[in-house]
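Every value quoted in this text rests on a predicted model; they were computed, and no experiment measured them.
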Amino acid sequence: MADKHVINFEPVDIEMEVGEDEYILDAAFRQGIHLMHGCREGRCSACKSFVLDGDIQMENYSTFACNDAEVDEGHVLLCRSTAYSDCTIELLNFDEDELLGGVPIQDVRTQVTGIESMTKDIVSLRLAPVEPAGYEFKPGQYSDLHIPGTDEHRSFSMATTQSTPGHVEFLIKKYPGGKFAGLLEDGISVGDEIALTGPYGSFTIKEGHVLPMVFIGGGAGMAPLLSLLRQMSETGNTRQVHFYYGARTPQDLFYLDEILELGQGLKDFSFVACLSESMDPPPVGAITVEDGNVTDVVSCSEPELGRAEVYLCGPPPMVDAALELLEAKGTPHDQIFYDKFTSPAFE
């Protein structure tokens with residue numbers, strides 16, 4: 001049995017136990033402590049913290065998320081850190097409401113109820129929880145879907161809300177060579193079982209916040225943004241939302257009718273499709289279309305980004321470009337929310 005140690009988190013005064021055979025972030029999830037996190041792969045820096053005391057070692061992380069100078073100072077990524085003594089860690093990013101009040105991590109056995117192509121490379125995968133019979137999560141969060149017959153998993157955001165507890169939808173982009181993409185082509189059928197673990201992520205609407213919201217999405221990044229829109233419609237949220245979605249051509253757009261319908265029930269909503277390539281034929285319907293990359297359109301259309309909460313989800317290059325834009329516009333870091341996933345196309 002692996003040795004156990006005690007971690008004390010400052011400035012929140014929370015203690016927990018961690019084994020030498022697990023990462024600190026995983027130990028926190030196991031004990032119902034929801035630390036800030038993003039990719040859980042050592043690549044996004046959302047869980048970056050500072051070691052005040054103790055022996056902690058990191059492995060398999062990106063120096064873009066935590067560079068050598070930061071490591072020398074005592075910074076660590078909790079998703080890739082193991083403790084070898086009792087430790088005191090200063091949390092640099094935390095949400096007091098989420099720390100002990102988040103949704104517990106669940107292992108759920110699900111059954112495939114639908115597989116539908118939304119575009120040439122994005123698929124809607126619908127699952128029904130079997131055991132237990134429901135799956136609790138917050139709109140905007142994501143789950144690990146386990147690849148049958150292996151120890152591997154892939155992370156995908158939910159597009160649905162808790163209004164349909166027996167129905168969970170994922171929007172998945174099919175990348176060449178992707179293991180899960182291959183299953184969607186020929187390997188998963190209606191009736192098959194898929195194991196699911198989650199929920200993860202803090203890409204959620206914060207209660208009590210009133211700033212205008214700007215959504216920036218692309219590709220399968222539609223999923224958590226659609227989940228947030230569905231939640232806002234269901235709860236009568238009155239905050240302003242401007243939604244910018246980047247695609248190459250009109251054929252890469254989907255769920256437009258529902259987005260427009262959801263927007264009609266919101267107080268101040270707009271949706272802009274940003275097309276980087278051909279606009280021929282133009283999109284059908286009453287949507288606003290702009291020519292260009294989504295971040296360029298946002299830069300021209302949103303002069304007050306520093307006074308908004310911005311939600312980002314899409315391919316890593318899009319997220320990186322958006323983060324650079326927000327830095328230039330002076331958007332405070334605590335007003336930016338994103339889950340930066342990796343994919344076979346960008347590894």
Side-chain angles (χ1 to χ4, degrees), residues 23-49 62 65 77-80 91-108 110 125 127 135-146 153-162 168-173 180 196-207 209 213-232 309-316 318-320 322-323 333-343:
Y23 292 128
I24 293 173
L25 184 64
D26 291 334
F29 287 144
R30 176 172 57 80
Q31 295 166 81
I33 301 170
H34 286 252
L35 304 177
M36 293 293 284
H37 61 282
C39 68
R40 297 164 36 244
E41 296 178 351
R43 301 189 182 191
C44 77
S45 80
C47 64
K48 186 184 294 182
S49 302
S62 166
L77 302 174
L78 299 182
C79 67
R80 283 293 180 265
L91 298 178
L92 303 180
N93 302 296
F94 61 91
D95 184 324
E96 291 190 61
D97 293 333
E98 289 283 341
L99 269 172
L100 298 176
V103 179
I105 302 300
Q106 304 144 69
D107 290 312
V108 182
T110 74
L125 175 66
L127 305 177
Y135 177 43
E136 184 182 359
F137 62 89
K138 293 184 178 182
Q141 292 190 296
Y142 69 91
S143 304
D144 289 344
L145 298 187
H146 299 271
H153 67 263
R154 294 294 183 268
S155 300
F156 303 107
S157 297
M158 286 74 76
T160 40
T161 70
Q162 290 291 265
V168 185
E169 180 185 17
F170 297 88
L171 298 173
I172 300 173
K173 186 175 179 65
F180 211 94
L196 171 159
T197 302
Y200 299 104
S202 54
F203 192 85
T204 57
I205 296 175
K206 312 307 174 187
E207 292 187 14
H209 291 204
M213 304 167 71
V214 176
F215 291 177
I216 305 175
M222 170 69 80
L225 299 174
L226 182 59
S227 180
L228 296 184
L229 278 184
R230 286 168 165 168
Q231 177 195 23
M232 294 182 73
E309 288 189 345
V310 184
Y311 289 74
L312 315 170
C313 195
M318 186 218 80
V319 173
D320 290 339
L323 291 173
H333 290 179
D334 62 0
Q335 293 171 205
I336 303 171
F337 306 97
Y338 67 101
D339 287 325
K340 184 178 176 182
F341 299 130
T342 57
S343 69

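Side-chain atoms of T197 do not come within 3.5 Å of backbone N or O of D107 as any donor-acceptor pair. Judged by distance alone, the side chain of Q106 and the main-chain N or O of E136 form a donor-acceptor pair under 3.5 Å. Checking side-chain atoms of Q31 against main-chain N and O of A28 turns up no donor-acceptor pair under 3.5 Å.
Residues Y311 and L225 meet the side-chain proximity criterion, which asks for heavy atoms closer than 4.5 Å. Between S143 and M158 the shortest side-chain heavy-atom distance falls below 4.5 Å. Looking at heavy atoms from C-beta onward, Q231 lies in side-chain contact with I205 at the 4.5 angstrom threshold. Side-chain contact between M318 and C313 is absent, with no heavy-atom pair separated by less than 4.5 Å. With contacts defined as side-chain heavy-atom distances shorter than 4.5 Å, the pair Y135/L196 qualifies. In this structure, the side chains of L35 and F29 stay at 4.5 Å or more apart for every pair of heavy atoms. The closest side-chain heavy-atom distance from V214 to E309 is not below 4.5 Å. In this structure, L145 and L125 have side chains that are in contact, with non-hydrogen atoms separated by less than 4.5 Å.
Ring centroids of F137 and Y142 are separated by 6.0 Å or more, keeping the two rings apart. Aromatic rings of F203 and F337 (six-membered ring for Trp) have centroids beyond the 6.0 Å cut-off, not under it. Under the 6.0 Å cut-off for aromatic ring centres, H153 and F180 do not qualify, their centroids lying 6.0 Å or more apart.
The local environment of NE2 in H333 is sparse, with at most 12 non-hydrogen atoms from other residues, nucleotides or ligands closer than 6.0 Å.
Between D144 and R40, at least one side-chain N (NZ, or NE/NH1/NH2) sits under 4.0 Å from a carboxylate O, which counts as a salt bridge.
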